[in-house]
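Any value given below was found using the heavy atoms of this structure, including those in side chains, with hydrogens, waters and symmetry copies removed. Below, read A as the first sequence line, B as the second, and so on, with proteins coming before strands; counting in each chain starts at 1.
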Amino acid sequence: MSGSNPPLTLADLPRVLVARVSHVEADCVICERLRELGFCPGTEVRFERQAPFNGPMIVQLRGYRLSLRPSEARRVFITPLGGSLLP
Amino acid sequence: MNAPPTDSLEPEPGKKIHLALVGSPNSGKTTLFNALTGLSAKTGNYPGVTVDRRRGLMKHPVGDHDVLISDLPGSYSLHAISEDEAVTSKVLKGELDGGKPDGIVFVADATTLQRSLPMLADILRQGIPTLLVLTMVDELKARGGDLDLFKLQGELGIPLVGVVGNKGLGIDDLRVRLSDPKSWTTACAVPEPNTEARFAWADTLLAKVERHPVSASTLTQRIDAVLLHPVAGLVVFLLFIATFFQAIFTWAAPAMDLFSGWMDLMADYVSANLPASMLTDILADGIIRGVGAVVVFVPQIALLFGLIFLFEASGYMARAAFVVDRVMGWAGLEGRCFISLLSSYACAVPGIMATRSIPSPRDRLATILVAPFATCSARLPVYALLISAFLPNTKVLGPFTVQGLTLMGLYLLGGFSAILFAALFKRGLLKGASLPFYLELPPYRFPSLTSVMLQVWRRLKVFLKDAGSVILAGSVVIWFLLNFPKADIPEGMAEGPAHQVQIEQSYAADLGRAMEPVFAPLGFDWKINIGLVGSFAARELMVSTLAEVYAYDPNAKIDPLTGEADEEFVGLRQILTTPDPKTGVAPMDFPTAIALLLYFVYALLCLSTVAVIKRETGGWKWPLFMIAYMGVLAWVAGFVGYRLAGGG
């Protein structure tokens, strides 16, 4: 990565491990549902595991575990927290 | 299948109190509903078990009012994105019969309040008296969580009751509160109707009342480390189901032989002790032998239901959906489609109903189009009979035998075919982007022995009800077709040969022979063809037909003095493979059995399934399409299997 980094999304969580939600994409059916599942600004998200071949991942948030596909994860923007593997 | 009669449940104004159970998926609404009403509706530990409204009267009502309780599908919000979620908003708006409820019972899992409490804010805006029930308070404590419930009630302003639904704790207290929704206090403050404000409200509230946060379930983490592992998880799963299918042959076979012996004795007893008449014959040969041939499979079917319930109740369903998601993604489907398919392994009817939780109409239709490939319990009698008759009981791998592995192979073949055809449909007929997929993973929970027995019995009842209706009627019809018109039986001819002479010139024989041009390439003779006709009503009728056709062992040596067979009981499976002494030909050969097994993997043969498909897709177009494509596929698979097995 060089210059301006693209904003991180939940799909990058496997590299970041722990992050806070900054925002969810504005308007789409699933985006409102993602907010209702608890992806609100400031919510802490923790990576748990990902199925091989870029399969779905399991994340922990708000005291529960959710499985979602990378295509959905890309709609949630995050800021990494301490313990991150990124420089 | 699970819809209760609704006529008697209509609330009469002023007499009945109508309450609705609302909450997130998998918060324990149905368990609570069962505890309150004494009913045994289907429960499970995965989101989306309940897909329709279910109503029941509260047991032991307090005061002089009856309390009618509606159990509703779980929902993450009142903005529904699938058909099951829409039920909740409709009920709260009073759009369904029964009108607006007099009170809402908001059910929340005490261990996931951070996620479930925000929805309560939406509910409080409805202007209907609301009571909060916290379920699984025992699990909250066990996982180190501590909430000041008294303070939470004070902060919220509405009444709150903590319960353990599956153990009945707190239920009596709850009953008293439910009997009088007018006395429920109203909420103190309700946040703005936007998602972020609702979550902020819930967070503030919880911060005030949480003495100690609940920790993650360590047991769940340990089990998931194995079961969600890409390699180990698959190996453990395959070993587990292989053991299960082996168990069907080894553990359940003795029970089945015993039952089957009893049925035969009973039929013989009826023939010998009731006055000879047509009614006696119908009772002995049509009903006892025909229905009995199916009922003997109760032990196997109970084992199968037990296994599926274990998957559903433990929390494994959501894991299985996670593990196979890449494959489902390739097919253009999502995890909920997989859960519907897995449910179809018990019976396609509830499996197809379960598709109501799939948000995308295309995905939902694709799942319905392939759901009947999942090996439902009605196929088990056919598979078990043919496999035990035609495949060797030799050990291959450790404790696993050819029979057990063949049965497992047929189950897997059904599943693979379902996914393959779903992929074809999604690439052609139902092309379009998949709606997104998310699924909550609940912690593992282990059902009590009583709940396992209750749920297995709930499903066995459906099976026995079918046996007592569709299969009974079908067996009697088949008996008439086999026994009319009456043949001229030579004087003194033994029972077995006389039966053969009779059926050879019956209406059934005419009908079966007329079908021979179509099914002869699969090795099916007219007797099997009659079974195929019966199978359109219910698959089990194949077994009933064979039991009636071969009601008398043609090879049994009859003692001319006593008129009794000098042999030990011979089961249907032995009769099918024993060659006729005159012609040297057995009733069925190996290639034909293989063709018949493959035919049953693919063919859509079940009136209830056709009816539910028509209802869920809103017309005859899709059920007719399915009968056609699955019929062609079944024929081709049967033909290929027949040839490969050396027939023709």
If we ignore hydrogens and angles and just use 3.5 Å, is the side chain of A:Arg33 paired with the main-chain N or O of B:His79 as donor and acceptor? yes
Can you tell which part of B:Ser217 gets under 4.5 Å to a heavy atom of chain A, answering side chain, backbone, both or neither? neither
Heavy atoms of other groups near B:Gln221 CD, more than 12 under 6.0 Å: yes
Check whether A:Leu61 gets within reach of chain B through its side chain, its backbone, both or neither, counting any heavy atom under 4.5 Å. neither
cation_pi(B:Arg326, A:Phe53) dist<6.0 Å, angle<=45: no
Would you find more than 12 non-hydrogen atoms of other residues, nucleotides or ligands less than 6.0 Å from B:Phe446 atom CZ? yes
Are side-chain heavy atoms of A:Ile58 and B:Leu228 found at a separation under 4.5 Å? yes
Pick one of side chain, backbone, both or neither for B:Asp109, based on which atoms fall under 4.5 Å of a heavy atom in chain A. neither
What is the minimum heavy-atom distance between B:Leu333 and A:Arg69, and which atoms define it? O-NH2, 2.6 Å
Using side-chain heavy atoms (C-beta onward) and a distance below 4.5 Å, is A:Glu36 in contact with B:Arg198? yes
I would like to know whether A:Arg35 and B:Glu196 meet side-chain contact (heavy atoms from CB on, under 4.5 Å); could you show each step before the answer? CA-CA 8 Å; A:Arg35 276 187 285 272; B:Glu196 283 164 19; 4.0 Å; yes
So which atom in A:Ser67 and which in B:Leu441 form the shortest heavy-atom distance, rounded to 0.1 Å? CB-CD1, 3.2 Å
Heavy atoms only, distances under 4.5 angstrom: which of A:Gly55, A:Gly42, A:Ala73 has the most pairs with chain B? Name it, please. A:Gly55
Atom CZ of A:Arg49: over 12 foreign heavy atoms under 6.0 Å: yes
For a side-chain contact (heavy atoms from CB on, under 4.5 Å) check, start with the C-alpha distance between B:Tyr438 and A:Ile30, then their side-chain angles and the critical distance, and finish with the verdict. CA-CA 9 Å; B:Tyr438 61 87; A:Ile30 190 63; 3.8 Å; yes
Rounded to the nearest 0.5 Å, what's the gap from OG1 on A:Thr43 to CG on B:Asp203? Could you check? 7.0 Å
Hey, does the side chain of A:Arg62 reach the backbone of B:Arg115 with a donor-acceptor pair shorter than 3.5 angstrom? no
Please determine, among B:Ser77, B:Ala321, B:Gly233, the option with the most heavy-atom pairs under 4.5 Å with chain A. B:Ser77
Over 12 non-hydrogen atoms of neighbours within 6.0 angstrom of CZ in B:Arg427: yes
Segment of A:Leu37 engaging chain B (4.5 angstrom heavy-atom cut-off): both
